[in-house]
Number of protein chains: 6
Amino acid sequence: MAKVTVHRKAHFNAAHRLYNSDWSDDRNATVFGKCANPHYHGHNYELIVAVKGEINPTTGFVMDMKELKDLIAEEIEEKLDHKNLNEEVEAFKSLNPTAENIAVVIWNILRKKIDLNLELIVTLYETPRNFVVYDGE
Amino acid sequence: MAKVTVHRKAHFNAAHRLYNSDWSDDRNATVFGKCANPHYHGHNYELIVAVKGEINPTTGFVMDMKELKDLIAEEIEEKLDHKNLNEEVEAFKSLNPTAENIAVVIWNILRKKIDLNLELIVTLYETPRNFVVYDGE
Amino acid sequence: MAKVTVHRKAHFNAAHRLYNSDWSDDRNATVFGKCANPHYHGHNYELIVAVKGEINPTTGFVMDMKELKDLIAEEIEEKLDHKNLNEEVEAFKSLNPTAENIAVVIWNILRKKIDLNLELIVTLYETPRNFVVYDGE
Amino acid sequence: MAKVTVHRKAHFNAAHRLYNSDWSDDRNATVFGKCANPHYHGHNYELIVAVKGEINPTTGFVMDMKELKDLIAEEIEEKLDHKNLNEEVEAFKSLNPTAENIAVVIWNILRKKIDLNLELIVTLYETPRNFVVYDGE
Amino acid sequence: MAKVTVHRKAHFNAAHRLYNSDWSDDRNATVFGKCANPHYHGHNYELIVAVKGEINPTTGFVMDMKELKDLIAEEIEEKLDHKNLNEEVEAFKSLNPTAENIAVVIWNILRKKIDLNLELIVTLYETPRNFVVYDGE
Amino acid sequence: MAKVTVHRKAHFNAAHRLYNSDWSDDRNATVFGKCANPHYHGHNYELIVAVKGEINPTTGFVMDMKELKDLIAEEIEEKLDHKNLNEEVEAFKSLNPTAENIAVVIWNILRKKIDLNLELIVTLYETPRNFVVYDGE
């Protein structure tokens with residue numbers, strides 16, 4: 001059967017700051033600039049989750065988009081939307097919430113919930129001008 | 001010569017319903033939800049056709065975008081635009097017109113018309129939030 | 001207090017055909033072209049609902065966007081999403097479902113549900129290239 | 001001379017929470033839901049500043065867009081970008097930083113810096129799905 | 001009948017430079033900066049033409065979008081697309097082709113071709129970040 | 001460490017014409033149509049530069065986006081923005097400035113400035129409807 005990649009867009013709004021707890025405040029400010037602001041700033045994260053696999057010949061689907069939409073809502077939006085990533089999300093207690101690391105965290109959460117016959121690719125827009133892609137490589 | 005992927009956007013508007021004729025109406029409604037509505041619903045399909053190949057040193061083109069635009073107009077828009085995919089398009093008489101299957105059908109049509117030295121990738125947006133990619137794999 | 005216009009985006013997918021039941025099929029085909037296709041075609045309608053009024057000094061809101069979002073979901077998306085506008089929506093039994101008329105129908109529905117101290121403006125995209133605005137004038 | 005409205009887009013990223021300091025935490029949570037999260041959340045604010053006036057016949061400009069771009073950078077982006085609106089921006093010490101109020105604050109700042117012969121309209125996207133417009137009315 | 005504003009998007013690509021022939025080259029360079037480059041630069045102009053009027057009760061249209069699309073193609077795209085505005089377009093032989101002036105020129109051309117019962121508004125994007133609106137005022 | 005692709009958007013406006021100096025003017029006009037206009041036309045080029053590599057565990061970055069933004073500004077925008085590509089950019093004195101060739105030129109410039117442990121991919125939109133991708137293959 002043909003292999004197709006299906007994509008679903010979602011979004012969440014969150015506060016964060018870039019911060020390495022092994023470093024002094026001065027070093028954080030030097031490396032991360034205004035992104036290190038201790039009072040936080042925030043983003044509208046736009047998320048595209050893609051799964052690649054064979055089309056199921058009885059449904060014509062690679063994966064039911066309603067299921068994928070619900071999975072993203074429960075596993076990602078519920079946990080990250082309107083949150084302070086540094087203070088309220090376990091994964092970022094000891095991991096700097098850069099776009100790169102957030103994408104990897106999202107991929108790791110979703111990978112456990114999606115059929116392993118399907119490849120998984122996560123695209124995360126931190127702003128309309130900056131975005132990252134992670135495919136588990 | 002350098003290999004570049006060139007992309008051209010196009011679009012068509014069509015009605016469809018998701019339906020497996022081997023199933024009862026009840027099963028169709030259970031699996032496809034409101035997408036199985038027997039009165040149809042519709043979409044503005046946004047299509048991106050990409051071809052990848054070596055740059056022709058005399059033109060600087062991988063493929064003339066005017067030719068690709070015209071090819072998409074004749075082979076895809078002419079056949080699918082303002083149509084009911086289930087009732088009026090031969091390919092979907094026995095194939096469920098999911099985004100995945102529509103992308104494969106489009107790829108198969110275009111593959112016959114584009115130089116085999118060029119790779120072909122079809123991206124189809126069913127809505128701004130759902131899209132699929134097929135590269136013939 | 002300052003008067004501000006707040007906007008909320010929503011969307012629905014529907015099938016329709018352009019058709020005047022007072023005319024012959026030939027005349028419908030002549031006037032509406034392929035939009036008169038009796039098998040229907042469809043669109044992803046993108047809707048922007050705007051309300052203009054004074055900022056409430058205790059909330060800082062003109063209108064709670066969550067309320068507006070829920071109102072659009074119940075009154076518009078529930079009634080129009082994944083429907084055949086001509087066959088399944090009462091308002092279009094005798095009214096041609098052009099973008100203009102759909103916008104007026106949406107405005108009339110919402111006008112009854114939104115505080116009359118607030119002005120109401122409806123923007124409806126039939127495609128990313130065609131859209132209409134109605135403000136009740 | 002013809003009157004034209006010229007628009008310039010800009011953007012800033014900020015953290016905020018919705019909060020009325022005259023209310024209990026419970027009442028804030030009831031009215032503002034997850035937007036009241038005391039740990040803050042954030043947005044990529046996209047800003048469109050419009051000025052309307054007669055075309056200057058010697059330049060063909062209503063206002064030099066470079067000047068407007070620089071004015072927005074100095075007066076708005078410098079003050080709001082990568083900031084916590086509630087904690088770090090004087091105007092929101094006692095004013096709830098809803099999109100409506102942020103738009104009014106931006107308008108008031110810019111109004112003092114732009115020729116009074118020019119009308120001023122501020123559009124602020126809090127998310128791609130929610131936006132507000134303020135014209136000083 | 002309800003009055004609705006209908007919009008149609010179009011586009012053209014053109015070269016231009018900002019230049020006032022009454023001024024020295026130095027003064028042009030000072031006022032217009034790199035936009036005065038004598039070798040020209042260029043833009044993808046995105047154009048939105050809006051007409052406002054009563055819905056025709058027999059068609060449901062304010063104006064047939066196909067007619068508006070064809071009118072824009074003939075009167076605007078044919079004249080401006082892939083042209084050097086300063087050198088090849090009569091209107092800009094003595095008029096600086098700023099976005100403001102181009103919008104007024106387009107409005108004046110279309111105003112002669114569109115029913116005077118319909119209001120006409122022209123929006124012109126010089127870039128995705130700079131745009132102007134002219135309504136004949 | 002996980003390998004992530006990070007992307008940064010930028011833009012420049014330029015004039016160009018398609019032209020092969022080995023050909024007669026007639027042949028250029030035949031092959032390139034109105035793109036061969038000797039008076040030039042132009043585009044808003046939107047550029048996405050992507051780099052793929054391992055996340056640096058101390059910063060959480062693949063590459064600092066501020067550095068990438070500054071690099072694009074200095075090496076690409078400074079050289080191409082508001083320029084006539086054919087007349088003012090050395091690389092296109094003898095190379096036809098098609099989107100394909102511009103992407104390759106940009107890639108070659110950036111490749112020399114970015115750590116060779118990072119893969120580099122350049123996406124260039126000539127218009128919102130035509131775009132190309134080059135990854136050095």
Side-chain angles (χ1 to χ4, degrees), chain A residues 1-13 44-77 80-81 106-107 110 114-115 117-125 128 131 133-137, chain B residues 16-24 27-37 41 43 45-48 50 85-86 89 91-111 119-137:
Chain A
M1 288 304 296
K3 284 182 110 167
V4 171
T5 311
V6 297
H7 303 71
R8 175 76 203 176
K9 289 195 186 177
H11 46 87
F12 57 92
N13 311 319
N44 306 325
Y45 292 94
E46 301 281 328
L47 174 67
I48 303 174
V49 177
V51 294
K52 181 174 182 178
E54 292 190 1
I55 300 178
N56 176 326
T58 61
T59 59
F61 288 156
V62 167
M63 178 180 177
D64 186 336
M65 284 291 96
K66 284 198 310 294
E67 274 179 43
L68 184 55
K69 180 186 178 185
D70 292 346
L71 184 64
I72 298 169
E74 283 162 36
E75 297 293 330
I76 306 301
E77 293 176 345
L80 302 185
D81 190 34
I106 290 172
W107 190 93
L110 293 176
I114 290 174
D115 184 337
N117 289 321
L118 299 172
E119 294 174 48
L120 174 64
I121 307 108
V122 164
T123 300
L124 183 71
Y125 281 75
F131 63 102
V133 177
Y134 181 58
D135 65 3
E137 189 187 344
Chain B
H16 81 152
R17 66 177 299 210
L18 299 187
Y19 182 70
N20 180 334
S21 59
D22 294 341
W23 293 350
S24 68
R27 182 150 173 72
N28 272 289
T30 303
V31 172
F32 297 123
K34 57 190 180 179
C35 296
N37 180 352
H41 64 284
H43 297 290
Y45 292 93
E46 300 282 329
L47 174 67
I48 304 174
L85 300 180
N86 305 66
V89 179
F92 302 112
K93 291 274 159 80
S94 58
L95 183 69
N96 197 2
T98 59
E100 289 91 326
N101 281 334
I102 301 171
V104 172
V105 165
I106 290 171
W107 191 93
N108 285 332
I109 293 171
L110 293 176
R111 185 63 286 179
E119 294 174 49
L120 174 64
I121 306 108
V122 164
T123 300
L124 184 71
Y125 281 75
E126 190 174 73
T127 75
R129 291 156 291 281
N130 283 346
F131 63 102
V132 302
V133 177
Y134 181 58
D135 64 3
E137 187 188 347

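These figures come from a predicted structure and were not determined experimentally. Residue numbering restarts at 1 for every chain, and letters A, B, ... go by the order of the sequence lines.
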Under 4.5 Å from any heavy atom of chain A - which part of B:Val31 = both
Which atoms of A:Ile48 approach chain B - backbone, side chain, both or neither, heavy atom under 4.5 Å = side chain
Check each atom of B:Leu18 against the heavy atoms of chain A and say whether the ones under 4.5 Å are side chain, backbone, both or neither.
-> side chain
Taking salt bridge (Lys or Arg N to Asp or Glu O under 4.0 Å) as the test, write out the residues that go with A:Glu74, two or more places apart.
-> none
Given that the side chain runs from C-beta out, which part of B:Pro128 has a heavy atom under 4.5 Å from chain A: side chain, backbone, both or neither?
-> backbone
Can you list the donor-acceptor atom pairs spanning chain A and chain B that come in under 3.5 angstrom?
{"unit_1": "A:Lys3", "atom_1": "N", "unit_2": "B:Glu137", "atom_2": "O", "d": "3.4"}
{"unit_1": "A:Thr5", "atom_1": "N", "unit_2": "B:Val133", "atom_2": "O", "d": "2.9"}
{"unit_1": "A:Thr5", "atom_1": "O", "unit_2": "B:Val133", "atom_2": "N", "d": "2.7"}
{"unit_1": "A:His7", "atom_1": "N", "unit_2": "B:Phe131", "atom_2": "O", "d": "2.6"}
{"unit_1": "A:His7", "atom_1": "O", "unit_2": "B:Phe131", "atom_2": "N", "d": "3.1"}
{"unit_1": "A:His7", "atom_1": "ND1", "unit_2": "B:Phe131", "atom_2": "O", "d": "3.0"}
{"unit_1": "A:Arg8", "atom_1": "NH1", "unit_2": "B:Asn130", "atom_2": "OD1", "d": "2.8"}
{"unit_1": "A:Lys9", "atom_1": "N", "unit_2": "B:Arg129", "atom_2": "O", "d": "2.9"}
{"unit_1": "A:Lys9", "atom_1": "NZ", "unit_2": "B:Pro128", "atom_2": "O", "d": "3.4"}
{"unit_1": "A:Lys52", "atom_1": "NZ", "unit_2": "B:Glu137", "atom_2": "OE1", "d": "2.8"}
{"unit_1": "A:Thr58", "atom_1": "O", "unit_2": "B:Asn20", "atom_2": "ND2", "d": "2.8"}
{"unit_1": "A:Thr59", "atom_1": "O", "unit_2": "B:Asn96", "atom_2": "ND2", "d": "3.1"}
{"unit_1": "A:Gly60", "atom_1": "O", "unit_2": "B:Thr98", "atom_2": "OG1", "d": "2.7"}
{"unit_1": "A:Val62", "atom_1": "N", "unit_2": "B:Glu100", "atom_2": "OE2", "d": "2.9"}

